[in-house]
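Worksheet: the structure to be examined is printed underneath.
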Amino acid sequence: MASLLSMGDFSLFCLKDFDFTSLCSLRSTIDTINVLFVCVYYTSLVIGFIRKTSVCRSQTRSWIFQLVSICCALISITFFAISLWNLIYKTGNSNELSWLACIIRGFIWNSLTVSLLIQRVKWIKILNSVWWISSCVLVSALNVEILFEGHAIETFDIVQWLVHFLLLYCALKNIGYLGTHNVQECIYEPVLAQNNETKQTGLGHATFPSKLIFSWVNSILSLGYSKSLALEDIPSLVSEDEAGTSYQSFVHAWESLVRETTNNNTKNLVLWSVVRTYLKENILIAFYALIRTISVAVSPLILYAFVNYSNRTEVDLKQGLSIVGFLILTKLAESLSQRHWFFNSRRSGMKMRSALMVAVYQKQLKLSNLARERHSTGEIVNYIAIDAYRMGEFPWWFHITWTCVLQLVLSIAILFGVVGIGALPGLVPLLICGLLNVPLARMLQNCQLQFMIAQDERLRSTSEILNSMKIIKLQSWEEKFKNVVESLRDKEFKWLSKTQFLKAFGTFLYWLSPTVIPAVVFLGCAYFNSAPLNAETIFTVLTALRNMGDPVLMIPEALSVMIQVKVSFDRINTFMLAEELNNDDNGRNIKQCSVNAMAIQAGNFIWDHESVSPTLKDMNLEIKWGQKIAVCGPVGAGKSSLLYAILGEIPKISGTVYVGSTLAYVSQSSWIQSGTVQDNILFGKPMDKERYENAVKVCALDKDIGDFSYGDLTEIGQRGINISGGQKQRIQLARAVYNDADIYLLDDPFSAVDAHTAAILFNDCVMTALREKTVILVTHQVEFLSEVDTILVMEDGKVIQSGTYENLLTAGTAFEQLVNAHKDAVTELNQDNENKSGSGNDVYANPQDSHPLYLTKKQTDGEISTKDQLEVQLTKEEEKDIGDVGWKPFWDYISYSRMSYMLCFILLAQSAFMALQTASSFWLAFAIEIPKVTSATLIGVYSLISFSSIVFVYLRSYLNAHLGLKASTAFFSSFTTSIFNSPMMFFDSTPVGRILTRASSDLSILDFDIPHSILFALSVAIEILVIICIMVSITWQVLIVAVPAMVASIFIQQYYQATARELMRINGTTKAPVMNFATETSLGVVTLRAFNMVDRFFKNYLKLVDTDASLFFHSNVAMEWVVLRVEAIQNLTVITAALLLVLLPRGYVSPGLVGLSLYYAFILTTAQIFWTRWFSNLSNHIISVERITQFIHIPVEPPAIVEDNRPPSSWPSNGRIDVQSLEIRYCPNAPLVLKGITCTFQEGSRVGVVGRTGSGKSTLISALFRLVEPSRGDILIDGINICSIGLKDLRTKLSIIPQEPTLFKGNIRTNLDPLGLYSDDEIWKALEKCHLKETISRLPSLLDSSVSDEGGNWSLGQRQLFCLGRVLLKRNRILVLDEATASIDSATDAILQRVIRQEFAECTVITVAHRIPTVIDSDMVMVLSHGKLVEYDEPSKLMNTNSSFSKLVAEYWSSCTKNSFTNISKQQL
């Protein structure tokens, strides 16, 4: 209390005897200045109140401001209490008015409290900041003076000093240096204007000081600290950084180079286009890098000057302070230049990345079919996701490469300047280390190249498997394809392991140079006597060699990355030079003609130029405006190729194609975008309500849309996975109708719908809505041919007949065969129809006894309510964790690898390494002060300790490589197992891109980045603690700055991390849409070109790329923001240590310890930056662990095998299926899709399942295969409940030909027999039965003939025949045909049905079909409607009643006989 009561000793009233050297006078001066600031502050507040200036109030005030204001208030209260005590008890004898001084100081501290809480306008904030900074500086100067004069600082003064430092922090935060402390809402400023402003990145309107210290990013950091960021919070890029601008610059250089390049030139045009485009900005980046390199290189000279100064006997404070000033300048130049080098190099890389991503996307829009076979969809996505993405870091690594070389050269020059010829021996181990890096770099290059090749193959296979997961699950091929992926990963992992262990050896080389070389240099100095082994020499050499260590480590890494970049440039260059479609509008002439809408003259077309004969031969067509043309013929005749020829998609050998106007195209395989139903129909066109509703109606979509919970705003999953095949086809057709083109190309659009719907589509859509349009319709439905103007009959790529329906029947031959096949089916229907009684008979009630079902009410025509499936949007936004999840992902990473003990060994190895390194440095510092220690002893002991440390650093790196590889193996295995074991619902609701992003970029981060991040974050943290301990042991006063600096660094790191974490998480969700969009575009590129929608999709892609780039951009600038501030704070510690060494009395610290302290002080800043960067990287990279873990913990489907309940090997011996009260729902709490179905499929019977599109037919099949589990009820096969056995045991005993035929890249043999169970002879027999033998026999490679991605080089009908071949090989007792013959002509359908009847005569065959002839000869027919079983009986009995089935037959009969059967009869007469 006595010290507090003596506060009056330092009063304002000692100014009357003013002496500048007096502490009392200094204190009084500070008080006077503070009083002046208080007066100005209150005056400003009053003026602001009078003028009613708009007040900016804090919505959320920073806790630090509140804390400091409380501290100030407590100090103010203390001063008032002291003044009261002095006034009452008359203490403070030195000055009668001491109580007044205390009141004034209490008033000052009270005003400081108010200033922290009330800041009405911006200029008052600036005033307050100046006040707080000035007060802190003055008080610090006073206290330092007190210490230098040998006085003790009172406890209360120390408290005030610490609060002044907090005020300094608040001042820096107030002016935006450390980020804004609150979110402002100005009363008189419109909020909307502020919101609009936040949409723009701060860089566009930042001032020079703001750009210099990156304070323009404060707003987003402040927002991220106050709440979890969302995508809409991220500002957009400035125009010069946008993908469109970058692409335009790149493509200009590209086109210029292409024009200049000869055919024999082999230079990489993509690389040189990038060089031309971004050379200027990289020259500026090179300047920044040069400044930083020079600043780092001179650090040994600064240390030399310090140690030399400490050796002097006389004190020259001016010289000492000059050295400190030079240190400050170099640190400032190093910090700012490095930050702007890093930021601008990554900004340049971002623009390169965007330009190449867009260039690859634009190129795929123009690829020819031959080039598309060489570059599959998966490979194109890899060019974007891996190769182009890699360019984001390319400029940074490029500048690292040459600056490392320069830094090495400068360090060697300084070494020679300090020790002379003694440095020469040190070049020998340096040269050896450098030469060892050459083979290391080559081996790394080969490993990286092989790794990338293996990774590409795995990702291509993974993409194909994910897109075909439904057929894989139906066939129970999960284990086979999982083994395929794992075997490909094993190849990848082999090269990953070699890479990681080579990098561990590279770390050994890195530490070899600063350990071996110093010993050799010291030996050289002793031998040549070129320089004394004193503190100046030793620690200058150590610092110079430490500067050489980074280049030795980084050069191999940089070369490795540059090699990867070169490989990526080569791959993109090969793709960019791939063959494009002809530039003359894809080989077509677009011109208006008053007569012909389209014409082909002497056209010959070929898909594969290596093929012997053209695909289409001698094509001569003239199609007049308004004509309806039908194209028919057997499977593989060239019908779809004819449409491709008109579209310009197939290479033209000779001839001319004329197209009169705009086209609309409906593909045979439905192409549906991810998005809403409305988006798919509008397809970028503006909404015209009347035209839209008409398109929906004529395509029979109105009822479907009415049933969707969200109407036409219902989200469609990737590839239309959550809607039926018929709905997809009708949405495609509606898109074409709404497009209002002049010429329509329809490729078998009715194959996926039932006969009634097909008739509606043909009559209402083709013949009515498109009555004034020109329509070319490829179809297998013979019943519609009589309505069209002209029929083209194709066979073997030629139009063998053309004419009207009547003329072609008269001519006979091929067309007659098609019609006769159809006539046979129709005649059978006619006979059944004639036998049908006019009135409905009574129906019976026991379906188990094959009696018809009792109808409780009249069923109306309709489809199952899709609300059952779409109560919630199926494809949801990608999930991401929010906020700080702590250390959980890190422990997940360690626990999955089960290598926590390995982490402990790594920490022990690092601790041992640091202990030995510290011991070696201390030995040098102390030994040079001991005269008895000879040079040999000095060098010998140092070498022994240092060499011992290398063993531990290699052990640390080796163990870390093991840890990383073990974690990669564990995560990949768990992830792959989880994906293959997940239920089908997961794939229905999850876009493939989300899974692929985790299997590619996230796994790549797990493979390479996280192990190194963990190693460096832990190692450098230990190093920093050791360095601070060393510095404190030499000059304990450095603690005064070091501790607050460390606390401030941690706070800034946490402040930054709140935003950086969310930026990385959001970035994890913005990459997948880019890849999904590229994949969708690649699959639907023909449709895009046909509809002339290429430009619109290109613009949409630019937006997606910019969104992704904006996250990358702000992540990088946030990183530079935090590193700059942490670096500045740690530089304060370094400068304080240097200043203390200058100011402390001579002899207080020995020269050896001066050198040691500064040597580690210089390392401290680098280490702190290194740790900040790697810890931030670890925090960001660990999000990949979060994302992969999300998919590891998804629900799994039931087990493949239930060991306790395996069916007999002969099961099912009979094939009887009992369905008992079956209820199905797709999601918990969702409405029922199948509603209490009960029936029996007798053994060996043929059962037809019919119903409108979406009536629940496919759901029933899914339930049979347990793709979806029953919510109630049972399915028994030969008395065994299928839910009680394993999925594999069930699915391997069932055969299916799915609605959408699926082939895999490979050859014919592997597609027919993926498990390799059958001989070639058996395969040929199966091919013969499914009518593919003749086609395949003509191929040169026979069964080894290639199958491209998704079977793209085979027609849809042929793909379906391959699926028939698979089941012919398996020969199970139960066969399911799910629209198996929808894409083949009636004649082939009839033949195949005959084959199935023969081959599966004793099997239970369940046929889901839209074509009534396909099921009319079934033993039993099941009719589904609205998810209910409305009828189940023999077809003949159902035909004799007024049943729903008879109505379906009547509809089909009506549509078939309306014209075609009449004309057939006429021809027979």
Side-chain angles (χ1 to χ4, degrees), residues 247 357-385 388 460 463-464 467 572 575-583 585-588 605 607-608 640-641 643-652 659 662-675 679-680 683-684 718-720 728 731-732 735-736 739 741 745 747 991-993 1073-1102 1104-1105 1305 1348-1356:
Y247 171 69
M357 288 171 74
V358 175
V360 170
Y361 181 84
Q362 179 71 1
K363 178 70 178 184
Q364 76 156 348
L365 294 171
K366 300 183 286 186
L367 275 187
S368 68
N369 187 72
L370 186 62
R372 194 166 290 281
E373 286 185 13
R374 292 174 184 159
H375 303 276
S376 68
T377 297
E379 287 169 337
I380 293 171
V381 171
N382 281 350
Y383 298 148
I384 294 171
R460 186 208 63 75
S463 176
E464 183 180 55
N467 286 321
I572 295 175
F575 177 71
M576 291 294 290
L577 293 172
E579 184 185 42
E580 296 181 3
L581 292 171
N582 291 335
N583 291 327
D585 207 312
N586 304 343
R588 301 173 297 166
F605 305 86
W607 281 118
D608 186 357
S640 296
S641 296
L643 299 188
Y644 281 128
I646 297 169
L647 291 168
E649 295 291 332
I650 182 170
K652 182 177 64 178
V659 177
T662 57
L663 291 168
Y665 169 64
V666 176
S667 58
Q668 189 175 17
S669 296
S670 304
W671 179 75
I672 299 293
Q673 280 181 273
S674 297
D679 291 340
N680 274 276
F683 207 44
Q718 195 171 24
R719 297 188 175 195
K728 281 190 274 189
I731 288 172
Q732 268 209 130
R735 176 169 64 206
N739 192 61
L745 308 179
D747 194 353
V992 168
V1074 177
M1075 307 314 150
N1076 284 338
F1077 196 83
T1079 304
E1080 275 188 354
T1081 303
S1082 181
L1083 295 171
V1085 70
V1086 176
T1087 302
L1088 294 185
R1089 290 196 284 240
F1091 280 87
N1092 200 23
M1093 282 291 161
V1094 168
D1095 289 342
R1096 185 178 75 85
F1097 269 66
F1098 181 69
K1099 289 175 183 175
N1100 289 342
Y1101 184 73
L1102 289 180
L1104 291 172
V1105 172
K1305 188 170 184 178
S1348 64
D1349 257 5
E1350 300 185 354
N1353 57 337
W1354 298 85
S1355 74
L1356 192 63

Checklist entry - Rounded to the nearest 0.5 Å, how far apart are CG of L1104 and NZ of K1099? => result 15.0 Å

Next on the checklist: Keeping K363 on the side-chain end and I572 on the backbone end, is there a donor-acceptor pair under 3.5 Å?
Outcome noted: no

Checklist entry - Quick one: CD1 on I646 to CG on L663, what's the gap to the nearest 0.5 Å? => result 8.0 Å

Next on the checklist: Show, in sequence, the C-alpha distance, side-chain angles and deciding distance for F683 and N739, and conclude whether the side-chain contact (heavy atoms from CB on, under 4.5 Å) test is met.
Outcome noted: CA-CA 8 Å; F683 207 44; N739 192 61; 5.6 Å; no

Next on the checklist: I'd like to check V360 versus Q364 (side-chain heavy atoms, cut-off strictly below 4.5 Å). Are they in contact?
Outcome noted: no

Next on the checklist: For S640 versus D747, what's the shortest heavy-atom pair and its separation?
Outcome noted: OG-OD2, 2.7 Å

Next on the checklist: Distance check, rounded to the nearest 0.5 Å: R1096 atom CZ versus L1088 atom CG?
Outcome noted: 8.5 Å

Checklist entry - Which atom names give the shortest non-hydrogen contact between A359 and M576, and what distance separates them? => result O-SD, 3.7 Å

Item to check | Near-ring test Y1101/Y247, centroid separation under 6.0 angstrom | outcome: no

Item to check | Reported CD1-to-OG distance for the pair I672 and S667, which is rounded to 0.5 angstrom | outcome: 8.0 Å

Item to check | Qualifying residues under side-chain hydrogen bond (donor to acceptor under 3.5 Å, both in side chains), relative to Y361, sequence neighbours excluded | outcome: T1081

Item to check | Check: S1082 side chain, A1078 main-chain N or O, donor-acceptor pair, under 3.5 Å | outcome: no

Checklist entry - Hey, mind stepping through L367 and V1085 against side-chain contact (heavy atoms from CB on, under 4.5 Å) and telling me if it holds? => result CA-CA 9 Å; L367 275 187; V1085 70; over 6 Å; no

Item to check | Distance in Å, L365 CG paired with E580 CD, rounded so as to fall on 0.5 Å steps | outcome: 10.5 Å

Checklist entry - Which class fits the ring pair W671 and F1097: parallel under 30°, tilted 30 to 60°, perpendicular over 60°? => result tilted

Next on the checklist: So, using ring-ring contact (aromatic ring centres under 6.0 Å, His included) as the criterion, who are the partners of Y665 when residues are at least two apart?
Outcome noted: none

Checklist entry - When rounded to the nearest 0.5 angstrom, what is the spacing between CE in M1093 and CG in N1100? => result 10.5 Å

Checklist entry - What are the two closest heavy atoms between M357 and I384, and how far apart are they? => result CE-CG2, 3.8 Å

Checklist entry - Is N1092 atom CG crowded by more than 12 heavy atoms from other residues, nucleotides or ligands, each under 6.0 Å away? => result no

